[in-house]
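This report refers to the structure that appears directly beneath it.
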Amino acid sequence: MSKQVWKAYDYDRQLSFVSAYGRGVAELLAPQPGERILDLGCGTGDLAYEISDSGAHVTGMDDSAEMMERAKSKYPELTFMTGDGQNFETETPYDAVFSNAALHWMKDAAGVVRSVYGALKPGGRFVAEFGGKGNIDGIYHALKTVFADHYGIDADSRNPWYFPSLGQYATLLESQGFRVHIAHHFDRPTKLPEGKDGVKYWLLHFGDRFFTEFSADEKDEAIARISEAAQATLWHEDAFYGDYRRLRVFAEKV
Ligand code: BEZ
């Protein structure tokens with residue numbers, strides 16, 4: 001399967017809501033001065049920077065070299081490294097691992113949980129929010145229908161996302177040895193920027209893997225069809241609202 005391509009500059013310009021929503025997760029983390037914190041899937045580094053305001057030493061990690069380059073140029077005082085969240089090791093353990101809107105891109109969830117556990121000190125905390133079961137069902141249903149009806153493609157075979165239920169994820173954490181203090185699965189309808197083009201831009205940013213062999217014109221056409229199909233359920237008054245459903249967890253390495 002081809003890799004998701006991240007356009008770091010466009011990401012900052014059109015998707016600042018991703019970090020804005022992550023502020024609540026950073027509050028739950030409650031970083032303390034002097035703590036070592038790893039931000040897993042840190043994107044262009046905005047939340048890593050905000051967390052570092054607490055006096056914590058934050059390292060950002062992301063598997064996109066382009067995102068890491070932009071993060072380093074925005075926040076040269078922080079440490080950023082390219083790495084795969086599904087399989088990493090650290091020399092010095094962290095007090096906490098934080099992650100916002102990234103873990104749903106990592107299908108090897110057991111690999112993530114094992115790596116995070118290994119990266120933490122005893123008593124260290126893992127605080128994360130990402131898409132849970134049912135996340136973006138409306139967008140995905142529109143895409144899946146258009147792919148089946150117009151292109152004879154089963155979209156499931158290209159689906160790059162992992163949206164577990166609360167029970168599945170809590171069980172995974174517990175089987176690794178974490179104590180799960182908080183696990184919360186909740187709806188968070190999310191206003192997509194760019195008005196009538198909201199679904200279009202969302203797919204242009206996040207949907208690369210579905211359109212691998214499409215020409216530019218075919219991709220435009222398919223995206224227009226998906227946008228139209230999504231309108232009945234996701235358009236409200238003045239904008240498209242992504243039917244985001246989040247899973248937020250706070251777990252401790254015991
Ligand atoms: C999300 O934040 O829920 C999400 C973003 C991009 C693709 C899939 C899900």
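Counting convention: from 1, in listed order, for ligands and their atoms alike. Just so we're clear, the structure is a prediction, and the values are computed from it rather than from any experiment.
- Look at Arg158 and Glu213 and you find a salt bridge, because one of the NZ, NE, NH1 or NH2 atoms lies within 4.0 Å of a carboxylate O, short of that distance.
- Taking every heavy atom of Asn135 and a limit of under 4.0 angstrom, the matching atoms of ligand 1 come to 1 (C), 3 (O), 9 (C).
- The backbone N or O of Gly131 sits less than 3.5 Å from a side-chain atom of His104, completing a donor-acceptor pair.
- In this comparison of Trp161, Tyr21, Phe130, the heavy atom closest to atom 7 (C) of ligand 1 sits on Trp161.
- Protein heavy atom at the shortest distance from atom 2 (O) of ligand 1 is Arg246 NH2, 3.0 Å.
- Phe147 and Phe211 have perpendicular rings, their planes meeting at more than 60° on a 0 to 90° scale where under 30° would count as parallel.
- With respect to Lys200 and Glu194, no salt bridge is recorded, no charged nitrogen being found less than 4.0 Å from a carboxylate O.
- Among all protein heavy atoms, the one lying closest to atom 5 (C) of ligand 1 is His104 NE2, 3.8 Å.
- Of all the atoms in ligand 1, the ones that sit under 4.0 Å from a non-hydrogen atom of Trp105 are 6 (C), 7 (C).
- The residue His205 has no part lying near ligand 1, judged by heavy-atom distances below 4.0 Å.
- Between Tyr140 and Trp202, the distance from one ring center to the other does not fall under 6.0 angstrom.
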